Amino acid sequence: MSIGLVRLREDSDRIRQGAIDKGEDPAIVDQALVLDGRRRQLLGDSDRLKAERNTASKQIGEAIRAGAAPNGPEVAALKQASTDAGAQIEKLDAELAATESALDALLLRIPNPADPDVPVGDESANQVVRTWGDLLPKDETSDGTAWTRRPHWDIAADLKMFDLERGAKITGSGFPVYTGQGSRLQRALIDMMLDIHTAEHGMTEIWPPALVNAASARGTGQIPDKEDLMYVVPRDDLYLVPTAEVPVTNLHRDEIFEADQLPIRYAAYSPCFRREAGAAGKDTRGILRVHQFDKVEMVFFEKPEASAEALEWLTGRAEVILQRLGLAYRVLLMATKDMGFVQAKKYDIEVWAPGVERWLEVSSCSNFRDYQARRMAIRYRPEAGGKPELVHTLNGSGLALARTVAAIMETYQQPDGSLAVPEALQPYMRTDRITA
RNA sequence: GGAGAGGUCGCCUAGUGGCCUAGGGCGCCGCACUGGAAAUGCGGUAUGGGGCAACCCAUCGAGGGUUCAAAUCCCUCCCUCUCCGCCA
């Protein structure tokens, strides 16, 4: 269940257009509508027969209590009626189950329609919403001496901040070992980010499990959509989390909030494990694409009318981190075909890395509206005693560490080979400079 | 890992095959009483689905099974608690 059946019926035109905008087949919407009609037909027939059977069973009980022989003819007739109904119910329910599973399969293929203010198109339609900070050049002249900014892996080697070869030895490629000040930098960043998000942004800190069960992986859509993304522990039927979004959003699976409990806003650190299948050979140098990295993730549960504004605020809170670190970045509004299947609106934040001369994605902030919430049955009561409605969920990185570390190293490297520590990190690093 | 006890409508709890369309208490929401309140009384108070509606169907940790009929009996699994063992 992803798109709601009620919305499918009442808002089918918009859902159809939403599928087209995201490059999906709109015919699925019509197929789903047909199956929905069939389902309702079967359900009505089955329910009617079940009511008959329940009545017959009740009459058997009453007759026996009134003194009829449990095996007498009067009771036997009633039993027969109930048995006959049961046989028909079995047939109808089998067909119903088949119809529902076919319908569910179709619904899973209908994407969440994008918000009206999202540009329609592919990657080329993405919009740069804003840019912050000065883009440092790779080559520069300071104090009359020309020098070239190096990629982070060279800096790391000199300053012994991480070790990819040994990581490959003990685990495999893409599992960096952070060492010395590099290790401390990891701790410092996690600490700083969580401090800002809790003390200044009012979020509640969460330290979630790094393994989740199948139900949780299904809740956020990792199963079945992105199963190849995750490391699996088959012996225990568990999955290593690709992001804290999975455990943290699932915190409130199958729950109903009172209106005054919302919004709920979490900031959670977790390690993230990604197989990156299909990305082999891409970004093989340094720590731009790794199988294990660390991330502070923000996860919000909002009232529907507040979610659009919440996405802007959420994105801004991720930007705060980059501003404190003094890293240049830009914010992209993702176009319909580049934003993903389940998002209604998404901003990517990319940091400038002058050593590799590239924009690096360090955050992705999304509003899912009720799409995820439906899957996980996360609801709230708009008014006391009223009917529950789905909440809106949002999440965004604040921030992913590995690429942020790369940007810090490339931005703060000095001509003498040392690394300046961004002012905001100095209390956490207990130093203002990292040297060999 | 071993032994035992449990998982019922927000919370506590009753319930060993048909009078359970799940009873009672607490909490909550109405209404009455009151100058206002407390106390008391009366009524209401789960979720999903189907139906214009009356109403109907499903759900007593999950899934199977027995039966005309399952909260109740049987099987498998999950979780919680207690004790033992092991252990960062």
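These numbers were taken from a predicted model, which means no experiment stands behind them. Protein chains get the first letters and strands the later ones, always in sequence-line order, with residue 1 at the start of each.
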For a quick check under 3.5 Å, do A/E245 and A/Q372 share a side-chain donor-acceptor pair by atom type?
yes
How far, in whole Å, is B/G7 from B/C60 if one measures between their P atoms?
14 Å
Does the side chain to side chain donor-acceptor pair (under 3.5 Å) test come out yes or no for A/Y266 and A/H252, once each step is laid out?
CA-CA 12 Å; A/Y266 293 126; A/H252 298 299; 2.6 Å; yes
Who is the Watson-Crick or G-U wobble partner of B/C86, with both distances under 3.5 Å?
none
Considering just the side-chain nitrogens and oxygens of A/R374, establish if one lies under 4.0 Å of OP1 or OP2 belonging to B/G48.
no
Nucleotide-resolved protein contact map, nucleotides 52-67 of chain B, B/S/- at heavy-atom distance under 4.0 Å:
----SSS---------
Could you tell me which nucleotide pairs with B/G36 by Watson-Crick or G-U wobble geometry, both distances under 3.5 Å, or answer none if nothing does?
none
Separation between the P atoms of B/A38 and B/A32, rounded to whole Å:
14 Å
Name the closest nucleotide to the A/P388 side chain, picking from B/G50, B/G18, B/U47.
B/U47
Within-4.5 Å side-chain heavy-atom neighbours: A/R274 and A/Q292:
no
Spacing of A/L49 atom CG relative to B/C68 atom P, expressed in whole Å
18 Å
d(CD, A/Q88; P, B/C68) in whole Å
17 Å
Electrostatic pair A/R265:A/E302 at N-O distance under 4.0 angstrom:
yes
Taking the P atom of each, how far is B/C77 from B/G27, in whole Å?
42 Å
Now, which nucleotide makes the Watson-Crick or G-U wobble pair with B/C73, with each of the two distances under 3.5 Å?
B/G65
Students often get this wrong, so: under 4.0 angstrom with heavy atoms, is A/S82 touching a base, only sugar-phosphate, or nothing?
sugar-phosphate
When rounded to whole Å, the CD to P distance for the pair A/E255 and B/U47 reads 15 Å
Distance-only side-chain donor-acceptor flag, A/Q17 / A/D13, under 3.5 Å:
no
Between B/G49 (C1') and A/D36 (CG): distance, integer Å:
11 Å
Can you list everything that forms a side chain to side chain contact (heavy atoms under 4.5 Å, CB included) with A/T99? Sequence neighbours excluded, please.
A/L35, A/R38, A/R39, A/L42, A/E95
Expressed as a whole number of angstroms, how long is the span from A/I378:CD1 to B/G48:P?
14 Å
Heavy-atom contacts under 4.0 Å between residues 92-99 of chain A and RNA chain B, which residues?
none
Taking atom P in both B/A3 and B/C19, compute the distance separating them and give it to the nearest angstrom.
37 Å
Contact list (N/O, under 3.5 angstrom) for nucleotides 72-78 of chain B vs protein:
none

B/A46 pairs with, by Watson-Crick or G-U criteria that keep both distances under 3.5 Å:
B/U59
Could you tell me which residues satisfy ring pair (Phe, Tyr, Trp, His ring centres under 6.0 Å) with A/F273, sequence neighbours excluded, listed by chain and number?
none
Could you give the distance separating B/A62 and B/C68 at their C1' atoms, to the nearest angstrom?
26 Å
Using a heavy-atom cut-off of 4.0 Å across all strands, would you classify A/R38 as base, sugar-phosphate, or nothing?
nothing
Taking any strand in view, what nucleotide pairs with B/G41 in a Watson-Crick or G-U wobble way, both distances under 3.5 Å?
B/C31
Would you say A/R53 and A/S82 are linked by a side-chain donor-acceptor pair, where the criterion is simply a distance under 3.5 Å?
no
I want to verify a distance call: between B/C68, B/G50, B/G48, whose nearest atom is closest to the A/K387 side chain?
B/G48
Look up atom CE in A/M298 and atom NE2 in A/H201, then write down how far apart they are to the nearest 0.5 Å.
8.5 Å
Rounding to the closest angstrom, what is the interatomic distance between B/U76 and B/G44 at atom P?
43 Å
Paired to B/U16 by Watson-Crick or G-U wobble criteria (both distances under 3.5 Å) is none
Under 4.0 angstrom, heavy atoms only, what part of the nucleic acid is A/L78 near: base, sugar-phosphate, or nothing?
nothing
Rounding to an integer number of angstrom, what distance separates B/C29 and B/C78 when you compare their P atoms?
42 Å
A/E90 atom CD, over 12 foreign heavy atoms within 6.0 Å
no
Lys/Arg-Asp/Glu bridge criterion (N-O < 4.0 Å) met for A/R40, A/D36:
yes
By ring pair (Phe, Tyr, Trp, His ring centres under 6.0 Å), which residues pair with A/F300, not counting sequence neighbours?
A/W313
Before accepting this row, confirm whether a basic side-chain N of the pair A/K295/A/E297 lies closer than 4.0 Å to the acidic partner's carboxylate O.
yes
For the pair made of CD1 in A/I64 and C1' in B/A69, what is the distance, rounded to whole Å?
9 Å
Could you tell me the separation between the CZ atom of A/R40 and the C1' atom of B/G48, rounded to a whole number of Å?
16 Å
For B/C52, which nucleotide in any strand shown is its Watson-Crick or wobble partner with both distances under 3.5 Å?
none
Please state how far atom CD in A/E100 lies from atom C1' in B/G48, giving the value in whole angstrom units.
12 Å
Taking the same atom, P, in B/A71 and in B/U8, what whole-Å distance lies between them?
15 Å
Return the nucleotide paired to B/G6: Watson-Crick means purine N1 to pyrimidine N3 with N6-O4 or O6-N4, wobble means G-U with N1-O2 and O6-N3, both under 3.5 Å.
B/C79
Output yes when A/R403 and A/E350 qualify as a salt bridge under the 4.0 Å nitrogen-oxygen rule, no when they do not.
no
